[in-house]
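Since the structure comes first, as structure tokens, the remarks are kept for the end.
Residue numbering restarts at 1 for every chain, and letters A, B, ... go by the order of the sequence lines.
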Amino acid sequence: MIKVEFLGPIELDSVDMDIKSLKELSAYMKSSDELKDWAINSAVAVNDVIVTDINYELKDGDRVSILPPVCGG
Amino acid sequence: MIKVEFLGPIELDSVDMDIKSLKELSAYMKSSDELKDWAINSAVAVNDVIVTDINYELKDGDRVSILPPVCGG
Amino acid sequence: MELYSEPLNVDKITSKWYKESSNLNYGAFITFIGTIREEDGIEALSFDIYEPILKKWFETWQEKAEERGAIVKMAHSIGDVPINKSSYISAVISPKRRVALELIDEFVEDFKANAPIWKYDVIDGKRVYAKDRSTPMRGAGILAKESN
Amino acid sequence: MELYSEPLNVDKITSKWYKESSNLNYGAFITFIGTIREEDGIEALSFDIYEPILKKWFETWQEKAEERGAIVKMAHSIGDVPINKSSYISAVISPKRRVALELIDEFVEDFKANAPIWKYDVIDGKRVYAKDRSTPMRGAGILAKESN
């Protein structure tokens with residue numbers, strides 16, 4: 001299982017998903033009315049490391065974070 | 001008369017000189033063993049305004065300042 | 001890196017960092033202080049922080065600074081910060097002036113673009129995500145790409 | 001512009017300026033603090049200042065800052081400043097981050113190159129002009145040129 005958590009302004013609880021890759025997560029988010037816009041402008045971290053390759057393969061127990069646009073300061 | 005004052009590390013008292021131009025001051029400083037090196041690296045102000053034109057004409061009562069290399073901070 | 005669940009005590013934090021810089025015999029100390037401005041009828045700004053990634057981001061900057069002989073510092077508030085109070089301070093401690101001036105610019109700009117912090121306007125007690133002032137992080141949009 | 005015939009009280013000066021920035025509802029406040037480093041066996045640095053030209057130099061910078069919606073601040077010591085004490089603080093208060101970051105760099109660099117201040121190492125109680133670290137001001141050498 002993969003745990004997916006939505007950070008900051010995305011008002012959704014984290015979910016456990018039975019997926020093997022970021023591609024599958026992408027397909028899931030693009031098909032969700034609540035999430036498709038966030039897919040466009042969010043970054044992704046796996047186990048707290050930013051990932052920039054959509055072909056990244058997930059391992060059982062990985063934790064994926066969805067990071068929407070930021071504005072610290 | 002023109003008052004010429006030497007600032008910072010130039011250890012000379014100010015002098016009153018009967019000169020009409022910066023050119024005359026230049027000739028004076030270049031001929032002085034104590035001042036010729038300062039002529040090369042110093043800036044000049046007349047009545048506290050930096051002057052960059054050697055053809056500048058002086059008026060009676062002007063005050064000329066010789067400003068050697070700086071290092072504030 | 002210091003996170004506070006209240007507005008920052010600017011005098012206390014900068015004084016502590018300055019003491020550190022002079023004890024280290026470093027000649028240049030620069031601070032950048034961000035203060036909440038009164039505008040658009042807000043009563044406060046509010047911040048969410050994702051600490052694990054912020055910590056890694058900051059560690060990367062500590063290493064970059066160290067390569068140039070300098071030290072970086074950062075403090076930020078979590079939650080509400082009312083107008084005219086400070087939410088963010090960063091600093092560079094360096095032996096040299098040039099390194100300090102260049103590093104503070106790069107550090108603050110990268111903070112704005114990539115630190116995992118989300119900002120909300122607080123209006124009538126409600127938090128509204130400051131979407132228009134926010135920046136997609138490095139790597140954003142990866143999940144919207146067509147896979148190959 | 002503030003000149004002191006003693007080392008600068010960093011906490012007091014920066015705290016006063018910061019208060020001013022937050023009262024003005026300005027969002028960005030940057031300070032650059034210069035501290036005397038222990039090196040080459042010096043016990044202090046010492047400074048001469050020619051105040052009339054420094055004042056004009058500073059006024060020009062106030063105008064430049066104002067054109068960009070910002071405010072500049074400066075404090076400097078006259079006379080001896082022992083190691084690990086501060087001799088120089090400058091600051092920019094600005095509504096905007098970018099203006100503040102750019103202005104502090106230009107302001108500090110131009111200060112180094114053109115503010116009429118002379119520095120001396122103090123070694124065994126004697127002042128030695130820091131010639132090698134000093135910079136000829138804008139327009140330097142005019143008196144050595146061949147006139148036409």
Side-chain angles (χ1 to χ4, degrees), chain A residues 2-58 61-73, chain C residues 3 8 32-36 45-58 60 74-78 81 86-90 107-121 127-148:
Chain A
I2 305 294
K3 184 178 185 177
V4 180
E5 57 187 14
F6 304 98
L7 300 179
I10 313 179
E11 290 177 343
L12 289 173
D13 292 332
S14 58
V15 290
D16 288 323
M17 293 178 70
D18 187 15
I19 54 176
K20 296 268 178 294
S21 69
L22 289 185
K23 285 182 193 174
E24 285 179 69
L25 178 59
S26 168
Y28 169 76
M29 286 183 66
K30 285 196 239 178
S31 69
S32 154
D33 280 348
E34 268 179 309
L35 287 171
K36 62 186 176 189
D37 285 348
W38 294 116
I40 293 166
N41 58 21
S42 294
V44 175
V46 178
N47 304 326
D48 295 332
V49 177
I50 301 285
V51 172
T52 55
D53 178 5
I54 185 63
N55 296 306
Y56 190 96
E57 297 294 323
L58 298 170
D62 276 350
R63 194 169 42 82
V64 177
S65 309
I66 308 300
L67 298 118
V70 295
C71 187
Chain C
L3 302 178
L8 301 182
F32 178 99
I33 300 167
T35 298
I36 311 300
L45 293 180
S46 192
F47 299 91
D48 285 343
I49 293 184
Y50 187 59
E51 209 171 319
I53 291 183
L54 182 62
K55 199 158 164 278
K56 288 189 182 182
W57 174 88
F58 182 72
T60 304
M74 197 198 105
H76 205 288
S77 297
I78 299 170
V81 180
S86 170
S87 53
Y88 169 53
I89 312 179
S90 54
F107 182 50
V108 169
E109 289 298 328
D110 192 54
F111 170 83
K112 279 289 185 182
N114 287 306
I117 301 179
W118 297 277
K119 181 183 280 178
Y120 307 82
D121 292 329
R127 290 174 118 206
V128 181
Y129 174 49
K131 192 180 171 187
D132 294 347
R133 282 123 71 201
S134 298
T135 310
M137 293 171 73
R138 185 173 53 82
I142 156 179
L143 294 177
K145 278 180 193 145
E146 294 306 314
S147 51
N148 50 8

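Considering NZ of C:K131 and SG of A:C71, their distance stands at 14.0 Å, rounded to 0.5 Å. For the atom pair C:E51 CD and A:D48 CG, the distance stands at 11.0 Å (nearest 0.5 Å). Remark: A:N41 CG to C:L143 CG distance equals 10.5 Å, nearest 0.5 Å.
Contacts between C:S87 and chain A at a heavy-atom distance below 4.5 Å involve the side chain alone, from C-beta outward. Only the side chain of A:I50 comes within less than 4.5 Å of a heavy atom of chain C; its backbone N, CA, C and O stay farther away. In this structure, chain A has no heavy atom under 4.5 Å from any part of C:R127. Neither the backbone nor the side chain of C:F32 comes within contact range of chain A; no heavy atom of the residue lies under 4.5 Å from a heavy atom of that chain.
With C:K112 contributing its side chain and A:G72 its backbone, the two residues share a donor-acceptor pair below 3.5 Å. Between the side chain of C:W118 and the backbone N or O of A:P68, at least one donor-acceptor pair lies under 3.5 Å.
Within a 6.0 Å sphere centred on CZ of C:R138, other residues, nucleotides and ligands contribute 12 heavy atoms or fewer. Heavy atoms of other residues, nucleotides or ligands lying less than 6.0 angstrom from CD of C:E109 number more than 12. Heavy atoms from other residues, nucleotides or ligands lying under 6.0 Å from CG of C:D132 number 12 at most.
Across C:G139, C:P136, C:S134, the residue that shares the most heavy-atom pairs under 4.5 angstrom with chain A is C:S134.
Contact record, A:V70 with C:N114: CG2-N, 4.3 Å, taken as the closest heavy-atom pair. Minimum interatomic distance between C:Y50 and A:S65 (heavy atoms only, all atoms of both residues): OH-OG, 3.9 Å.
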Distance-only criterion, 3.5 Å: show the donor-acceptor pairs between side-chain atoms of residues 11-22 of chain A and protein atoms not counting sequence neighbours.
from, atom 1, to, atom 2, distance (Å)
A:S21, OG, A:K23, N, 3.4
A:S21, OG, A:E24, N, 3.2

Note to self: Could you walk me through whether C:D48 and A:L7 satisfy the side-chain contact (heavy atoms from CB on, under 4.5 Å) test, starting with their C-alpha distance in whole Å, then the side-chain angles of each, then the deciding distance to 0.1 Å, before giving a yes or no?
What the structure shows: CA-CA 9 Å; C:D48 285 343; A:L7 300 179; over 6 Å; no
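In this view, A:N47 and A:D62, A:R63 satisfy the side-chain contact (heavy atoms from CB on, under 4.5 Å) rule, not counting sequence neighbours.
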